[in-house]
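Contents: one structure, followed by commentary.
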2 protein chains.
Amino acid sequence: MQKASNGTRAGSRPEDPTGRKAGRTVSRQVLADHVYEELLASLMDGRLEPGAAVSIDGTARELDVSPTPVREALARLEHTGMVRRVALKGYRVAPVFTREDFADLMEARLAIEPVNARLACARLNPHRLAELEQTVTDLKSAPRGPSFAEYKDYLEADEQFHQLIAQQTDNQFLVGAYAALGGQVQRFRLFGGVGITDAENAIAEHQSVLDALSSGDPEKAEAAMAAHIQKVRERAMADAPEE
Amino acid sequence: MQKASNGTRAGSRPEDPTGRKAGRTVSRQVLADHVYEELLASLMDGRLEPGAAVSIDGTARELDVSPTPVREALARLEHTGMVRRVALKGYRVAPVFTREDFADLMEARLAIEPVNARLACARLNPHRLAELEQTVTDLKSAPRGPSFAEYKDYLEADEQFHQLIAQQTDNQFLVGAYAALGGQVQRFRLFGGVGITDAENAIAEHQSVLDALSSGDPEKAEAAMAAHIQKVRERAMADAPEE
DNA sequence: CATGATCAGATCCTATAGGGACGCCTCAGG
DNA sequence: CCTGAGGCGTCCCTATAGGATCTGATCATG
């Protein structure tokens with residue numbers, strides 16, 4: 001127990017910049033922020049599997065903090081839908097998607113993301129275009145192997161592309177709406193049973209969306225994004241018929 | 001200080017059903033739930049004004065609980081965008097919308113709500129239709145006076161209508177996406193400077209949406225909702241030109 | 001008068017204590 | 001062998017203590 005050894009640990013955060021990289025005037029973090037990021041990373045890269053219990057006390061011991069910041073971090077996470085809480089029983093990682101859940105998720109993406117693409121197109125500039133091109137380049141060059149660890153970069157580039165488009169709408173509400181979906185999409189990619197069975201097509205679709213955006217025609221961008229998401233849905237539905 | 005008088009209060013929750021109405025097997029609540037609802041109600045009905053500080057300790061004293069559940073409730077609320085947190089400085093009620101924020105909000109609503117209407121229409125049934133009709137009836141019969149208190153019911157019926165349509169999509173993600181916007185819409189109705197200057201038109205538009213839904217034509221429902229939101233935007237923009 | 005240091009109170013943040021509920025394991029009895 | 005009661009540990013939940021930090025006022029100085 002390291003905790004017992006150093007008596008009062010309260011507020012002893014002067015030497016704890018939480019390892020933020022390249023911190024330019026890092027807005028000071030509190031422990032709950034650190035715990036939140038740690039849990040989120042565990043959820044997004046598969047270390048925490050659906051259905052697993054997330055014990056408050058256990059997480060606190062693991063991260064060597066007290067339960068109070070862990071409670072705060074979990075309260076924030078609950079709102080993302082990635083963990084669920086049952087009063088007096090604790091938190092669990094949200095269960096795996098059913099086929100219906102996935103259909104719902106795609107329905108929601110179809111409502112939001114094409115609009116994002118249209119607005120992002122209208123507000124595009126060279127710098128932003130370069131950012132988007134980078135993610136597509138990353139997607140193409142990411143290694144794709146059979147195990148999860150081997151296509152982690154691929155999934156991250158995929159997510160990054162969609163997230164960037166949301167940010168480029170300059171609309172905080174659309175960013176928020178996409179963020180709520182993006183985490184779920186990523187989790188489904190990991191646990192939904194569908195691998196990257198058809199990465200070539202997916203890459204081609206991303207390229208099409210990028211081309212449509214750079215063409216400057218918002219309608220084309222909207223249509224390209226809608227087509228992409230529909231294709232994603234079709235591929236996933238075909239991969240995991242389940243019945 | 002009531003707290004000092006009853007010694008340990010921990011776990012003394014057997015006699016605290018938190019007053020949930022018509023509790024059918026009320027899933028047990030914890031204090032954080034109660035605090036959350038209390039704060040949310042204060043935000044939604046205007047008792048907490050934009051920019052006001054929400055002190056953790058102060059709220060705890062006011063509600064006669066310890067700061068721990070208050071921290072948890074505020075962590076959840078932060079994710080709704082209605083309060084903002086600055087590390088080591090505390091929480092504040094999110095500031096009043098600017099004209100640009102409002103435009104963004106309407107842009108986001110235009111992406112989501114027409115789709116909600118289309119899907120709700122496809123999944124409509126007599127019971128659901130009756131629910132919708134009730135909210136329109138409430139809207140028509142709600143008193144509308146000059147002061148806030150006098151059109152509180154009007155605003156609630158308005159919000160209820162849109163929320164019901166979101167729920168009737170049977171899509172948890174769209175419900176969540178709308179919920180994130182609905183709170184902001186309601187807050188803008190209270191503090192955005194626009195009153196109910198043109199309630200007759202707004203009521204007529206709700207009726208149009210309802211008619212389109214009951215016609216059974218999803219495309220008509222989608223169009224009616226889009227038209228309604230655009231009109232709302234136009235009215236608000238005209239009311240508060242600001243420049 | 002303007003400006004900057006100093007101090008006190010309020011507030012945030014984290015750790016810790018302790019009560020109640022639940023699950024598991026053990027063990028005695030049928 | 002099977003079953004049920006009791007003990008024990010774990011976990012959730014809330015309260016409280018106390019260090020760290022911020023804010024606003026006071027006061028001294030240029």
Side-chain angles (χ1 to χ4, degrees), chain A residues 1-18 25-38 52-78 83-93, chain B residues 1-18 26-36 38-39 51-78 83-93:
Chain A
M1 310 298 181
Q2 312 90 310
K3 259 188 293 189
S5 64
N6 58 359
T8 170
R9 202 168 168 280
S12 67
R13 200 182 351 80
E15 78 289 6
D16 177 22
T18 329
T25 63
V26 280
S27 80
R28 277 171 305 185
Q29 285 204 342
V30 293
L31 283 189
D33 295 328
H34 179 228
V35 175
Y36 180 86
E37 290 175 10
E38 201 69 31
V54 184
S55 153
I56 294 172
D57 291 351
T59 304
R61 282 192 297 271
E62 200 169 325
L63 299 179
D64 192 27
V65 298
S66 81
T68 309
V70 176
R71 297 188 73 82
E72 199 172 321
L74 281 169
R76 289 188 222 165
L77 271 175
E78 185 191 2
V83 301
R84 298 191 192 288
R85 181 182 67 96
V86 177
L88 302 179
K89 288 201 58 178
Y91 291 86
R92 308 193 77 84
V93 181
Chain B
M1 307 301 175
Q2 311 91 311
K3 259 188 293 188
S5 65
N6 59 359
T8 171
R9 204 167 166 281
S12 68
R13 201 183 347 82
E15 78 289 6
D16 176 24
T18 328
V26 280
S27 79
R28 278 172 304 183
Q29 285 205 341
V30 293
L31 283 187
D33 295 327
H34 179 229
V35 175
Y36 180 86
E38 202 69 32
L39 286 172
V54 184
S55 153
I56 294 172
D57 291 350
T59 304
R61 282 191 297 271
E62 198 170 326
L63 300 179
D64 191 28
V65 298
S66 80
T68 310
V70 176
R71 298 188 73 82
E72 199 171 322
L74 282 169
R76 288 187 223 166
L77 271 176
E78 185 191 2
V83 301
R84 299 191 191 287
R85 181 181 67 96
V86 178
L88 302 180
K89 289 196 55 180
Y91 291 86
R92 306 194 79 84
V93 181

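Being a predicted model, the structure only gives us computed values, none of them experimental. Proteins come first, then strands; the chains are lettered A, B, ... in the order of their sequence lines, and each starts at number 1.
Distance CG (A/Leu88) to C1' (C/dG19): 13 Å, rounded to an integer number of Å. Following rounding to the nearest Å, A/Leu31 (CG) and C/dT14 (C1') show an atom-to-atom distance of 7 Å. Atom OH of B/Tyr91 and atom P of C/dT11 are 16 Å apart (whole Å). Atom CG of A/Asp57 and atom C1' of C/dG20 are 14 Å apart (whole Å). B/Glu72 places its CD atom 10 Å from the C1' atom of D/dT14, with the value rounded to the nearest Å. The distance between atom CZ of B/Arg92 and atom P of C/dC12, rounded to the nearest whole Å, is 10 Å. Going from atom CD of A/Gln29 over to atom P of D/dA20 covers 20 Å, rounded to whole Å. Nucleotide D/dC13 holds its P atom 17 Å from the OH atom of B/Tyr36, rounded to whole Å.
A pairwise comparison of heavy atoms in B/Leu63 and B/Glu38 identifies CD2-CG, 3.8 Å as the closest pair. What you find for B/Thr59 and B/Val54 is that their closest heavy atoms are OG1-CG1, 3.8 Å. For the pair B/Pro69 and B/Ser66, the tightest heavy-atom approach, listed with the atom from each and the gap, is CD-O, 3.0 Å. Nearest heavy atom pair, residue B/Arg71 against residue B/Tyr91, reads O-OH, 4.5 Å.
Within the structure, every side-chain polar atom (N or O) of A/Arg61 is placed at least 4.0 Å from both OP1 and OP2 of C/dA15. OP1 or OP2 of C/dA10 has not a single side-chain nitrogen or oxygen of B/Ser55 nearer than 4.0 Å. In terms of phosphate contacts, B/Ser66 brings a side-chain nitrogen or oxygen within less than 4.0 Å of OP1 or OP2 of D/dA15.
Comparing D/dC11, D/dT14, C/dA15 by their closest approach to the side chain of A/Arg71 singles out D/dT14. Of the candidate nucleotides C/dT14, D/dA15, D/dT23, D/dT23 has the atom lying nearest to any side-chain atom of B/Lys89.
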**Report entry** Intermediate values then yes/no, side chain to side chain contact (heavy atoms under 4.5 Å, CB included), B/Arg76 and A/Arg85
**Finding:** CA-CA 12 Å; B/Arg76 288 187 223 166; A/Arg85 181 182 67 96; 3.4 Å; yes

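Within 4.0 Å (heavy atoms only), B/Thr68 reaches at least one base atom of the nucleic acid.
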